[in-house]
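Within every chain, numbering begins at 1; the chains are lettered A, B, ... in the order of the sequence lines, protein sequences first and strands thereafter. Fair warning: this is a prediction, and the values are worked out from it, not measured in the lab.
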There are 2 protein chains.
Amino acid sequence: MNSVTDHETCLVESDHHSLKLWLRLLTCSSLIEKKLRDELRLSFDMTLPRFDFLSQLERAPDGLTMGELSKRMMVSGGNISGIAAQLVDEGLIDRCQVPNNRRTFIVTLTQKGRDEFETIAKTHECWVIEMLGQLDQDDVKQLMNLLLKVKNTVLTDPTF
Amino acid sequence: MNSVTDHETCLVESDHHSLKLWLRLLTCSSLIEKKLRDELRLSFDMTLPRFDFLSQLERAPDGLTMGELSKRMMVSGGNISGIAAQLVDEGLIDRCQVPNNRRTFIVTLTQKGRDEFETIAKTHECWVIEMLGQLDQDDVKQLMNLLLKVKNTVLTDPTF
DNA sequence: AATAAATAGTTTAAGCTTAAAATATAAGAG
DNA sequence: CTCTTATATTTTAAGCTTAAACTATTTATT
């Protein structure tokens with residue numbers, strides 16, 4: 001059992017349970033992320049950040065500002081600028097100025113972007129279901145609850 | 001409540017629960033990882049990958065091969081080569097050939113590396129406890145269990 | 001109106017990460 | 001012993017990511 005080598009390998013009794021929890025969390029998300037990256041690359045010549053970017057826009061029919069994208073994707077503003085430039089080049093998004101604020105840009109999916117996203121998203125969801133769909137409904141419900149607690153606990157850390 | 005903007009923002013009812021679970025997992029580990037990165041940089045001018053590297057070695061008194069480090073850190077071999085080169089330059093690790101196999105290298109902590117790691121590790125554990133220590137013991141136990149299920153479910157995905 | 005402070009986004013330099021190709025060595029097959 | 005295959009690691013080129021510095025614009029203060 002558990003013959004896999006990962007972040008948790010060689011933890012000892014004395015390590016704090018918070019640390020163990022963090023490393024297990026990290027192992028799980030690394031595993032899933034790696035699988036999704038590989039599949040996206042092999043099947044669609046797409047990267048995870050680019051897919052995430054399109055994905056955020058698809059959920060926001062009116063488009064998003066660069067800043068809002070940065071928050072939702074939890075990455076730096078500079079990162080967003082770079083990815084946006086690529087996606088504009090590829091014709092997948094539009095990046096237009098808004099009337100009353102010359103600093104702000106609104107990014108939206110082009111039709112091509114919407115089409116491409118839809119194709120990939122279907123398969124992407126299948127991959128996720130392949131990986132996680134075997135879990136009990138009860139377990140999933142509990143996990144969602146507990147992870148929400150984790151998220152809120154982390155966010156209320158005063159040193160955050 | 002939940003006024004934070006992250007990977008989960010704007011998910012809709014129809015999204016599959018597996019997808020929602022994945023995004024919540026991603027949000028949690030992104031949050032924790034970001035905090036640890038920032039603190040390591042500000043307090044110790046250290047990066048997370050370098051710290052992970054030292055951390056793996058500290059748990060392996062006899063040292064590890066490059067390949068074993070690659071597996072435990074869940075990153076590519078090339079990545080390990082690069083980080084190892086830096087740490088050798090900084091005098092934190094040794095990288096020596098083994099007698100009977102001229103392909104293999106064994107990496108170990110130097111005394112300087114052990115000292116530096118120990119200093120940082122103490123504080124690192126505090127940060128993790130700050131973020132996760134408020135959780136109920138029961139919740140932590142359940143989470144560990146459920147995340148183990150996730151890990152095993154993901155690993156037994158036949159397409160993996 | 002002039003100045004200061006805040007906001008939105010981009011650029012830059014450095015480090016991380018990967019896949020694929022390359023190098024070197026070891027082990028196995030005939 | 002030679003040839004093939006497998007193993008261990010490094011190199012390379014491309015893309016991701018960030019913090020910090022920078023530009024431009026807007027808002028607030030005086």
Using heavy atoms to find the nearest nucleotide of DNA chain D for A:T47 and B:G78 separately, return the residue whose nucleotide is more 5′. B:G78
Quick test of your reading: applying ring pair (Phe, Tyr, Trp, His ring centres under 6.0 Å), list the pairs with at least one residue in residues 74-118 of chain B, sequence neighbours left out, ordered by first then second residue. B:F51-B:F117
If the threshold is 4.0 Å, N to carboxylate O, is there a salt bridge linking A:K35 and A:E39? yes
Using a heavy-atom cut-off of 4.0 Å across all strands, would you classify A:S70 as base, sugar-phosphate, or nothing? nothing
A:T65 side chain to A:I106 main-chain N or O, any donor-acceptor pair under 3.5 Å? no
Applying side-chain contact (heavy atoms from CB on, under 4.5 Å) to A:R37 and not counting sequence neighbours gives A:E33, A:L48, A:P49
Using chain B heavy atoms and a threshold of under 4.0 Å, write down where along DNA chain C the contacts begin and end, 5' to 3'. C:dC16 to C:dA26
Any side-chain to backbone donor/acceptor pair from B:T27 onto B:L23? Under 3.5 Å, distance only. yes
Given atom CD of B:E68 and atom P of D:dA8, what is their separation to the nearest angstrom? 10 Å
Between B:L42 and B:R95, name the one whose nearest nucleotide on DNA chain D is closer to the 5' end. B:R95
Tell me yes or no: between the side chains of B:Q111 and B:D115, is some donor less than 3.5 Å from an acceptor? yes
Please figure out whether B:Q86 or A:D38 has its closest DNA chain C nucleotide nearer the 5' end. B:Q86
Can you pull out how bent the helix from C:dA1-D:dT30 to C:dG30-D:dC1 is, comparing the axes over its first five and last five pairs, to 10°? 10°
Within this structure, what is the OG1-CD distance for the pair B:T108 and B:E58, rounded to the nearest 0.5 Å? 13.0 Å
Judged by each residue's nearest nucleotide on DNA chain C, which is more toward the 5′ side, A:R37 or A:I80? A:I80
Please check if any side-chain donor atom of A:D52 sits under 3.5 Å from a side-chain acceptor atom of A:Q56, or the reverse. no
Need one value for B:G67: base, sugar-phosphate or nothing, where a base atom within 4.0 Å counts as base even if backbone is also close, heavy atoms only. sugar-phosphate
Tell me which residues in residues 97-109 of chain A put a heavy atom below 4.0 Å from DNA chain C, sorted by number, or none. A:R103, A:T104, A:F105
Under the 3.5 angstrom rule, does the side chain of B:K112 hit a backbone N or O of B:E90 as a donor-acceptor pair? yes
N/O donor-acceptor pair under 3.5 Å between A:K149 side chain and B:D136 backbone: no
A:T153: which residues meet the side-chain contact (heavy atoms from CB on, under 4.5 Å) condition with it, sequence neighbours left out? B:Q134, B:L135
